[in-house]
Peer 1: 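Sharing a structure below in structure tokens format, with a few things to ask.
Each chain gets a letter, A, B and so on, in the order its sequence line appears, and its residues count up from 1.
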Number of protein chains: 2
Amino acid sequence: MTATQPARERRHRTQAERSERTRNALLDATVECLIELGYARTSVHEICARAGVSKGAQQHHFSTKAELMATAVEHLTTRIQAEIAAAAGDLGDPPELVEHGVDLIWQGFAGTLSAAVMELWVAARTDPELAAAIKPVDRALGRSTLELFRSLAPGVPQHTLDTLYWLTVNLIRGLALDAQLGGDASRRTQLLNEWKRIALAVYRDDVAR
Amino acid sequence: MTATQPARERRHRTQAERSERTRNALLDATVECLIELGYARTSVHEICARAGVSKGAQQHHFSTKAELMATAVEHLTTRIQAEIAAAAGDLGDPPELVEHGVDLIWQGFAGTLSAAVMELWVAARTDPELAAAIKPVDRALGRSTLELFRSLAPGVPQHTLDTLYWLTVNLIRGLALDAQLGGDASRRTQLLNEWKRIALAVYRDDVAR
DNA sequence: TGGAAAACATTCCAACTGGCATGTAAGTTC
DNA sequence: GAACTTACATGCCAGTTGGAATGTTTTCCA
């Protein structure tokens, strides 16, 4: 704010920056733990260790583990959203558009980060507090991605796009589960190709009508 | 074996019967815990309490928690298989066949028991031992259900049936996740109806060719 | 420049976890 | 009916868990 910023940059200085840095470290570590260890084996102790943060610091920012997890959901969703936005170049026109679109959804909803989402999601089933935190955030992710598709493929009829989008998202989430368990990758690719073929046919049929 | 079986039936008697009874009680309690509490909150203590079985008894039958879980997978799959088989009446002919087929898969792969499967599945992602136990069992369930469909709809070309089956299974698994988190049920039904429509079109197209 | 407050570090604790050791009862075999 | 095996019960332990109390440093503002 003031013009008298000392030039020495060693160490972060302002409180806000200090704060955000450890917050991010904690949230990143949480996501990392979820991916590597799963929800059940993730302890605040481990999170603190990975973040290089003391237990007191964690407590200062997130008084309870539930609060940490709830915040991690937002953090995670933001990262996924950024990932999708970054990967979404030009989708091209109808022939390839479908293929690229499906691939994009695969990247976003079956990528590394999605494992963490699955963990939180399943945990939320029996944890109302966590569920309350996840629901709106997840809805927002779904909607914003759909919005992205609408802007990238303005020519596609809305109903067609919506239907194909949500079908693809759910199909891919199912396939992601299979992938996480180490199912046959080639069979999955083959299945995804079949789906692309079908989706394209649906699109053409809807447009021709 | 011998003819001198005492008539008094109070209490189960033979060792094998005694054994199986507590084993089943433990396995059922495990599944119940997974559904109600989730994997993370499920403790052997709680399982024993629900099964009305002492800790020692549990240890006698399943020396470790991992072993109990691994066995629960088989138990669970058997129950699901039975559920599907019981619900699978006559699927009818091509117009309704697709609809009934999708509904059947929904019942089997998104029903109450499937919540337990999800829990174990997600847990298995970061637990090689559990994964090793689940993989073959789950594959067997998928195959046997597909086999059931083949027998119920002998007229459908194999490739068509296979593709539609696996797409449906994965789609429904994705939708089941959404359902567990308390997503909008009507939107889910609508999406499923769209899929039925599409699947029927695919079928007709494949047959006509 | 001095002191309040925010950020962070250390230490501790009560509760709970899974697993095991030891003890008792029921069933099986000869 | 005695020796033996299997099924179950009880109590304990070492390790972890999440959370809180207390102490120290860093930044901020008047």
Peer 1: Please report the distance, rounded to the nearest Å, between NE2 in A:His45 and P in C:dC13.
Peer 2: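 Rounded to whole Å, this separation is 17 Å.
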Peer 1: How about B:Glu36 and A:Thr126: does a side-chain donor come under 3.5 Å of a side-chain acceptor?
Peer 2: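 On atom types as modelled, these side chains do not qualify, holding no pair under 3.5 Å.
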Peer 1: From CD1 of B:Ile47 over to P of C:dG19, roughly how many Å is that when rounded to an integer?
Peer 2: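 B:Ile47 atom CD1 is separated from C:dG19 atom P by 11 Å.
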Peer 1: Assign the ring pair B:Phe149 / B:Tyr165 to parallel, tilted or perpendicular, where the plane angle (0 to 90°) is split at 30° and 60°.
Peer 2: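 If you compare the ring of B:Phe149 with that of B:Tyr165, the planes turn out tilted.
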Peer 1: Between D:dA20 atom C1' and A:Leu68 atom CG, what is the distance in whole Å?
Peer 2: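 Taking CG of A:Leu68 and C1' of D:dA20, I get 17 Å after rounding.
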Peer 1: Examine B:Lys196 relative to B:Tyr203 and say whether NZ or CZ is less than 6.0 Å from the centre of the six-membered ring and inside a 45° cone about the ring axis.
Peer 2: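 That pair does not qualify as a cation-pi contact.
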Peer 1: B:Leu37 has an atom CG; how far is it from atom P of C:dC16, in whole Å?
Peer 2: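 For the pair B:Leu37 CG and C:dC16 P, the rounded distance is 14 Å.
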Peer 1: Over how many whole Å does the gap from B:Glu46 atom CD to C:dC16 atom C1' extend?
Peer 2: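 Nearest whole value for this atom pair: 13 Å.
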Peer 1: What parts of residues 55-67 of chain B reach DNA chain D, counting only heavy atoms under 4.0 Å away?
Peer 2: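 Those residues are B:Lys55, B:Gly56, B:Ala57, B:His60, B:His61.
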Peer 1: Would you kindly say whether A:Glu194 and B:His159 are connected by a side-chain donor-acceptor distance under 3.5 Å?
Peer 2: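 Their side chains do contain a donor-acceptor pair, which is all the 3.5 Å distance test asks for.
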Peer 1: Identify the two heavy atoms, one from B:Ala179 and one from B:Arg188, that lie closest to each other, and give their separation to 0.1 Å.
Peer 2: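 In terms of heavy atoms, the two residues are closest at CA-NH1, 3.3 Å.
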Peer 1: Looking at every heavy atom in both B:Ser54 and B:Cys48, which two are closest together, and how far apart are they?
Peer 2: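 Of all heavy-atom pairs spanning B:Ser54 and B:Cys48, the closest is O-SG, 3.9 Å.
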Peer 1: Please determine whether the number of non-hydrogen atoms from other residues, nucleotides or ligands lying under 6.0 Å from atom CD of A:Glu67 exceeds 12.
Peer 2: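 Yes - once you tally the heavy atoms of other residues, nucleotides and ligands closer than 6.0 Å, there are more than 12.
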Peer 1: Roughly how many Å is it from CZ in B:Arg41 to P in C:dA15, rounded to a whole number?
Peer 2: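 Atom-to-atom, B:Arg41 to C:dA15, this comes out as 19 Å.
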Peer 1: What's the CG-P distance between B:Asn24 and D:dA7, to the nearest Å?
Peer 2: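 For the pair B:Asn24 CG and D:dA7 P, the rounded distance is 14 Å.
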Peer 1: Give a yes/no answer on whether the side chain of A:Ser43 brings an N or O atom under 4.0 Å of OP1 or OP2 in D:dT16.
Peer 2: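 For A:Ser43, the contact criterion (side-chain N or O under 4.0 Å from OP1 or OP2 of D:dT16) is not met.
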Peer 1: OP1, OP2 of D:dT6 versus side-chain N and O of B:Ser19: anything below 4.0 Å?
Peer 2: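 The answer is no; no side-chain N or O of B:Ser19 sits under 4.0 Å from OP1 or OP2.
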Peer 1: When you check the phosphate oxygens OP1 and OP2 of D:dT10, does a side-chain N or O of B:Ser54 lie under 4.0 Å from one of them?
Peer 2: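 So the side chain of B:Ser54 is outside the cut-off, no N or O lying under 4.0 Å from OP1 or OP2 of D:dT10.
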Peer 1: Give a yes/no on whether any side-chain N or O of B:Thr14 is located under 4.0 angstrom from OP1 or OP2 of C:dT28.
Peer 2: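 Checking B:Thr14 against C:dT28: at least one side-chain N or O falls below 4.0 Å of OP1 or OP2.
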Peer 1: Nearest whole Å is fine: how far is D:dA7 C1' from B:Leu26 CG?
Peer 2: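 The answer, rounded to whole Å, is 12 Å.
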